[in-house]
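Below is one structure, written out as structure tokens; the observations come after it.
Residue numbers start from 1 in every chain, and the chains themselves are labelled A, B, ... in the order their sequence lines are given, proteins ahead of strands.
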There are 2 protein chains.
Amino acid sequence: MNQHDKIPVMTESSCLDCDSRKFAWFEPGDEAHLPEREKQRAGQYLVRAGGNVFMEGDILDYAYTLKQGWAICYKLLANGQRQVLHVALAGDFIGCQANYGQPIDYAVMTVTDCVFCAFSAESMQNLLIAEPSLMRRLFEINAKQSEKCRTRLAYVGQAQAKYRVALFLTHLIERLERRGIDTSQMVEFPLTREDIADAVGITAVHLSRISAELRARNIVECRYNRLVVTDLDALKTLAAELI
Amino acid sequence: MNQHDKIPVMTESSCLDCDSRKFAWFEPGDEAHLPEREKQRAGQYLVRAGGNVFMEGDILDYAYTLKQGWAICYKLLANGQRQVLHVALAGDFIGCQANYGQPIDYAVMTVTDCVFCAFSAESMQNLLIAEPSLMRRLFEINAKQSEKCRTRLAYVGQAQAKYRVALFLTHLIERLERRGIDTSQMVEFPLTREDIADAVGITAVHLSRISAELRARNIVECRYNRLVVTDLDALKTLAAELI
DNA sequence: CGTTAAGTTGAAGCGTCTCAAGATTGGTGG
DNA sequence: CCACCAATCTTGAGACGCTTCAACTTAACG
């Protein structure tokens, strides 16, 4: 993420006005400390859709909170295949490491235009020392990310394609709902067949067949940048058959 | 883990004599603090081979350092299938959570007889307050575990069975080597076909065919509780074809 | 309206699973 | 020391799920 992407300081938005905070590091509750915390922020960055936030192997200067937009964390394999590890939504913390200076083990690419809030390793250190509760929260965030990864590993390793897709969509819909998006209506859904396929370990072609089935059964439709959840219960039932 | 498993206090071994510390939370370097740390230890437990340390959904009272033996962390799916998340070796930290009181999201079962060192949530809290460096180390341990999980997810999601097995064995052999086990000789290897198959997301029957091929090509042999690495380079080459 | 990216569909091939029978190993007791 | 047993591992054959390739359709965009 280079200097060109940086949002001019004057037009940066404040943590106080951020509606993603519920899911983010600076969760609501301690508003008095917010200005202090915001002072440690290195800046906000705009990355256009399809842009690389960082690549696997990069030495990161910052960790990022995704403020706005959709991004994907992924790994590339030697044969060119891609495993999507995580679909990042507003509030998600990305690029957090125990040891800065060590190369990061995954890449991040934006799916839509995205805004990121950057924190340098030192400023994070400062914050953690000043406010021990932030350490607990960071711990919690990392633990939750690990848990999500284990869950994904379990169903990618053990479930058939249809159930993987149902589980993936169920989890994603839950996260959208928690962010106040009403998925009983049609919603924007920028993931392509390829993105989803790479997340659950199947090919886009096969995913297309599974999607056709889910659509035919009036459960869910997701394509052309739209998501229509017709029968969430049926989707959950399908997902629950295998985890 | 119940009271019956507890090793009598008199016969407990000291952290000072522990040769797994290099891989554990109390890594070498601060020997002066060791007695203080050890005082916070809730005890040592012996779990016989095939025993459950805890089950998915349990509310844990302790986190554990595996002092001796082999154990596996896994998740069970609704259809009865099992995904092995991690093969725990001496020094590995297990059951560490951000929020005790929340159910744990995976289970742990011993493969061989194992000794665990238990730490209660409060005693961990005490240690972390007393020694900030322990917090950094805990962070590091969790980050490493997450990274391992992402790596596994990537190759389980994207690689063919043969390469998954090669990668799994390569990583395990590396970890054994780092623990001072000379894998150029025959070594004890308590994992069954089923354990390995569940770790890489294939069936034991198919794993058997792959193992037969690796054996026929004089690369590696692992069965009947033994591991013989004949050509580590060839194994690594095979693994590298896909990650 | 034309162009491009994204998604769909069919047919054939391959990889993995399933089921079942047989072989090998380690442990136990005669 | 050998016979037997249970657990583990192997092997074959057929079925199934997923991939591949290629042609086609649909949507988004200037």
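- Straight-line distance from the OH atom of A:Tyr163 to the C1' atom of D:dC16: 13 Å, rounded to whole Å.
- In this structure, CD of A:Glu194 is placed 14 Å from C1' of D:dT20, rounded to the nearest angstrom.
- Ion pairing of A:Arg226 with A:Glu188 is absent here, as no side-chain N (NZ or NE/NH1/NH2) approaches a carboxylate O to less than 4.0 Å.
- At the phosphate of C:dC17, OP1 or OP2 sits under 4.0 Å from a side-chain N or O atom of B:Thr203.
- The distance from atom CD1 of A:Ile202 to atom P of C:dT8 is 12 Å, rounded to the nearest whole Å.
- For the pair A:Arg150 and B:Tyr106, the cation-pi test (distance below 6.0 Å, angle within 45°) is failed.
- At a cut-off of 3.5 angstrom, counting only N and O atoms as typed in the model, there is no donor on one side facing an acceptor on the other between the side-chain of A:Arg215 and the base of C:dG7.
- Between A:Leu89 and A:Leu172, the closest side-chain pair of non-hydrogen atoms falls below 4.5 Å.
- Residue contacts shown for B:Ser208 include a base, since a base heavy atom lies under 4.0 Å away.
- Taking only distance into account, the side chain of B:Arg209 meets the base of D:dG12 through a donor-acceptor pair shorter than 3.5 Å.
- Remark: P of C:dA6 and CG of A:Asp195 are 9 Å apart, rounded to the nearest angstrom.
- As rounded to whole Å, 8 Å separates atom P of D:dC9 from atom CD1 of B:Ile196.
- The shortest distance between the side-chain N/O atoms of B:Arg226 and the OP1/OP2 oxygens of C:dG26 is below 4.0 Å.
- Both A:Tyr224 and A:Leu207 lie near DNA chain D, and the one whose nearest nucleotide falls closer to the 5' end is A:Leu207.
- Although no hydrogens or angles enter the test, the distance criterion places a donor-acceptor pair under 3.5 Å between the side chain of B:Asp58 and the main chain of B:Met55.
- Residue-to-nucleotide proximity on DNA chain D shows that, of A:Ala161 and B:Asn225, the 5′-proximal contact is made by B:Asn225.
- If you check every strand for non-hydrogen atoms under 4.0 Å, A:Ala204 touches nothing.
- A:Arg164 comes within 4.0 angstrom of no nucleic acid atom, judged by non-hydrogen atoms across all strands.
- With hydrogens and angles left out, the side-chain atoms of A:Gln83 and B:Gln158 include a donor and acceptor closer than 3.5 Å.
- A:His206 has its NE2 atom 17 Å from the P atom of C:dG7, to the nearest Å.
- Atom P of nucleotide C:dC14 and atom CD of B:Gln160 are separated by 12 Å, given to the nearest angstrom.
- When the side-chain nitrogen and oxygen atoms of B:Arg223 are compared with OP1 and OP2 of C:dT25, none of them lie within a distance under 4.0 Å.
- The nearest whole Å value for the distance from the CD atom in B:Gln158 to the P atom in D:dT19 is 9 Å.
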